[in-house]
Structure formats: C-alpha cells, structure tokens
Number of protein chains: 2
Amino acid sequence: MVSDKGMKGLNLGAVARRVGLVPSALYRHFQNKDGMIDALLELIESRLVANVVAVRQETDDPLLALELLLRRHVRLIRENAGIPRIVFSEEVYGAKSQRKYRVHDLLRRYLGRVAEFFRESQQAGTVRTDLSPDELSVMFLGLVQPAAILWHVSDGGFDVTRQAEKAWGVFSEAIKNGEDKGPEAGRASPATREN
Amino acid sequence: MVSDKGMKGLNLGAVARRVGLVPSALYRHFQNKDGMIDALLELIESRLVANVVAVRQETDDPLLALELLLRRHVRLIRENAGIPRIVFSEEVYGAKSQRKYRVHDLLRRYLGRVAEFFRESQQAGTVRTDLSPDELSVMFLGLVQPAAILWHVSDGGFDVTRQAEKAWGVFSEAIKNGEDKGPEAGRASPATREN
DNA sequence: CTCTGTTGCGAATATACATTCACATGGTTT
DNA sequence: AAACCATGTGAATGTATATTCGCAACAGAG
C-alpha cells in the first residue's frame with residue numbers, strides 16, 4: 001500500500017478494507033495507528049537483519065559479504081519500494097521525537113552490523129585502516145540511497161542495480177588495502193594493524 | 001518551519017500566523033497550498049543552482065569545484081534542514097504524479113550540472129573515463145545524503161561535515177586518473193581520451 | 001448449558017485542515 | 001471625489017480521518 005500511495009494512502013480505512021475488516025476492528029489488534037507504524041518498523045528491521053544473517057552464512061569473507069549484502073539490499077527495496085518511504089517518512093521521523101529515535105536506533109543497529117564487516121575486513125588486512133568502520137558503513141549506505149530515490153521519482157526508470165554495482169566497484173577498490181594505491185591517501189596500515 | 005515540525009507543521013494556519021496574516025489571506029498570493037509548495041521547490045532549486053554558479057566562479061578546476069560544491073551543499077542543508085525534508089516528503093513526491101516529476105526534473109537538472117563537472121574533468125584527463133559522468137554524479141550525491149539523514153534523525157548529533165569530507169577523500173582518490181591505481185580497476189584512459 | 005473473553009460491526013464523535021465567500025479597507029488612477 | 005484594484009478579515013463549509021462506544025456473534029472453559 002505504501003509503495004503505491006505513500007504514507008498518505010496508509011489510513012485506517014484503506015488498511016481495514018485491505019484486510020477485509022472495518023476500521024474500528026483494527027483497534028482490536030493495535031492500540032492505535034502509531035502502534036501499527038511501530039509494528040511496521042519492527043518488521044522492516046527484521047528484514048534488514050535477515051539480510052545480514054543470510055550473507056553471514058553465504059561467505060566467510062567479510063568484504064564479499066558486504067557486496068552480497070548490497071545486492072540483497074537493492075533487491076529488498078526494489079521489491080518493497082515502500083520500505084524507504086516508511087523509514088524516511090514524516091510520520092516516522094517527523095514531529096514526534098520518540099518515533100524519530102526509534103528510526104535512529106534502527107539505522108544505527110543496521111549500520112553497526114555493516115561496520116562489523118568492515119572491522120573484520122580491516123583485521124584481516126583487506127581494507128585500509130585509516131578509515132573507521134563507522135565512517136565506512138555510512139559510505140556504504142550512500143552507495144544505494146541516492147540511486148533508490150532516483151529510481152523512485154523516475155517511476156522505476158532508473159537502473160538502481162547497475163548504479164549500485166558501479167558504485168560498489170569504485171568504493172571497494174578505493175578502500176582495499178593495496179600498498180600501491182594513491183599518492184598520499186593510501187598510506188594504510190602503517191603500524192596500526194592489529195592482526 | 002519545516003525544519004522544526006516537518007511538512008506536517010506546514011499548514012496554512014501556521015504559515016499565516018508566521019507571516020502575520022489570516023489563513024484565507026494566503027489565497028491572495030498563492031492559488032492554493034500546492035501552489036505554495038511549487039514555489040518552495042523553485043526556491044530550493046534556485047539555491048542549488050546558486051551553489052553551482054558560485055563554485056564555477058571560484059575555480060577553473062572542475063574537480064576542485066566539485067569539492068567546493070560538496071562543502072556548500074553540506075552547509076546549505078545544515079543551515080536549512082528543511083530542504084531535504086521538503087524534497088523527499090510525501091507531499092512532494094508522494095501520490096500526485098505531477099509533483100513527483102517536478103522533483104525528478106529538479107534532481108536531474110542538478111545532477112546534470114554536477115555531471116558536467118565530471119565530464120570536464122575527464123576531458124582534462126584528471127578523472128577516469130571508464131565511469132560515465134551520470135553515474136559519477138549519482139555517487140557524488142551519495143556522499144552526503146545518508147550523512148544528512150543520520151544527522152537529522154540524531155538531532156544534529158552526527159557530524160555531517162566530517163563524514164562528507166572523509167567520503168570525498170575516498171571518492172576523489174578513487175576516481176582520479178592515476179596510472180598507479182589499483183590492480184585491475186585503474187586502467188582508465190586507454191584510448192578513449194579526447195583531450 | 002452458561003459464563004467469559006475475543007473479535008467484529010455500525011454509528012457517533014472529534015479534530016484538523018484546506019478552501020470559499022461576502023465584506024471591509026486603503027491606496028491609486030481618472 | 002468616484003471608481004477600481006489589491007489585499008486582508010472573519011465566518012462558514014466540506015472533507016478526510018482517527019478514535020470511541022455500545023452491541024452482536026462466537027468459541028472455548030467450567
């Protein structure tokens with residue numbers, strides 16, 4: 001429903017119709033509309049976490065895991081275009097500070113898991129150590145986010161998948177720990193390596 | 001007003017109070033609320049364009065211009081936190097397709113100008129030519145966008161400026177046309193250079 | 001069978017908002 | 001001074017939507 005009509009289309013009447021009930025009946029299952037949105041956020045977080053867990057099982061290489069995670073992420077938001085619209089909607093991170101912090105925590109937890117992969121890569125020596133895992137995780141998010149927005153406003157005309165692949169290519173090359181990198185940027189792992 | 005309360009806070013009553021009028025008086029200046037939002041979008045676009053024009057005057061080096069543009073962009077959204085909230089709000093790119101395409105055009109025009117800098121850099125030989133200017137412009141947008149969102153949901157606790165600088169560092173190094181880049185990624189400018 | 005808790009329904013209520021309209025005011029033109 | 005135009009006002013209207021409430025159906029426990 002959110003994919004089609006946005007958060008505006010997510011009113012109790014429409015939801016009730018969708019599940020074959022009458023608006024007031026929804027109050028038997030949720031305290032109020034805010035409760036519904038909270039449940040939605042939990043659902044979304046579980047999807048994101050599921051992706052992290054899945055790629056952990058698919059490979060032991062943390063850098064490869066990130067690439068797989070990126071692909072899954074793209075697929076997730078392509079198939080559920082409502083997810084970004086919910087997470088970044090006014091209803092959610094708008095006025096009410098309580099909900100805003102919920103989203104903040106959601107993002108931080110997800111990015112925390114992403115950062116974990118970077119940390120592992122750094123310890124394995126495959127990623128430069130002059131960038132913090134937290135910073136890297138935010139950059140990682142930046143690989144898809146603008147593409148997703150363009151995809152949405154262009155009504156699916158923009159190729160998110162391709163853009164994400166390209167961006168990952170540039171990004172992963174840039175952060176890899178090669179001693180023959182750039183002139184003065186690639187002085188990674190001087191004495192700070194721990195592994 | 002949008003910075004504080006989000007698009008929800010942007011109702012005619014509040015706007016009227018802010019400018020010392022009564023709600024109905026606003027209809028002497030705008031056809032309706034949609035007209036107001038359209039005017040807002042125009043204002044925003046003019047700000048973005050102003051930044052592009054400004055950095056053009058500040059330097060002749062297109063790559064340096066992009067760095068300056070990034071800084072200005074960060075400053076713009078830090079000082080006017082409402083801008084991303086307007087551009088990415090439901091009211092704007094939600095249901096009504098007409099408005100959605102307006103935002104699409106706005107983004108495309110802005111990114112088009114960004115892409116122009118990349119094109120020039122490629123012609124000057126300072127940027128790899130195996131990535132299209134359009135792709136690069138989307139990546140450029142990705143340098144700030146997630147940081148801006150984190151900054152917002154964290155109530156200003158996140159350091160956008162720092163994150164953007166770091167991301168630019170990684171990104172600009174990665175796209176620079178150095179023959180001593182990575183193993184198999186940096187084979188830029190084989191015979192496709194025109195300048 | 002009766003009691004009780006759960007779920008659904010329809011109607012009523014309240015609220016927030018955009019929008020319209022008839023009228024007032026004040027400056028500018030003729 | 002009269003006519004006109006732009007701008008502002010207050011009241012009224014309509015609509016969308018969340019929420020509450022009393023009542024009915026119904027299933028399972030005793």
Run B/E42 and B/R47 through salt bridge (charged side-chain N to carboxylate O under 4.0 Å, His left out) and show every step you take.
CA-CA 9 Å; B/E42 279 176 32; B/R47 295 285 176 89; over 6 Å; no
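The distance from atom CG of B/L26 to atom P of D/dG10 is 13 Å, rounded to the nearest whole Å. Note: CG (B/L10) to C1' (C/dA16) measures 15 Å, nearest angstrom. Note: NZ (A/K8) to P (D/dT17) measures 9 Å, nearest angstrom. Across the protein-nucleic acid pair, A/K33 atom NZ and C/dT15 atom P stand 18 Å apart, rounded to whole Å. Computed from coordinates, the A/L21 CG to C/dT6 P distance equals 17 Å when rounded to whole Å. With rounding to whole Å, B/F30 atom CZ is found 17 Å from D/dA6 atom P. Summarising the geometry, the separation between CE on A/M7 and P on D/dA18 is reported as 11 Å, rounded to the nearest angstrom. Across the protein-nucleic acid pair, A/L12 atom CG and D/dT20 atom P stand 11 Å apart, rounded to whole Å.
Side-chain rings of B/Y110 and B/H73 approach one another, their centers coming within less than 6.0 Å.
Here the side chains of A/I175 and A/F118 are in contact, with some heavy-atom distance below 4.5 Å.
Annotation: of the two residues near DNA chain D, A/R28 and B/H29, the 5′-most nearest-nucleotide partner is B/H29. Along DNA chain D, the nucleotide closest to B/V22 and the one closest to A/Y27 are compared, and the more 5′ of them pairs with B/V22. Between A/A25 and B/N11, the residue anchored closer to the 5' end of DNA chain C is A/A25, taking for each the nucleotide with the nearest heavy atom.
Salt bridge annotation for B/E120-B/R56: present, with a cationic side-chain nitrogen under 4.0 angstrom from a carboxylate oxygen.
Side-chain to base pairing of A/S24 with C/dG10: one donor and one acceptor N or O lie within less than 3.5 Å of each other.
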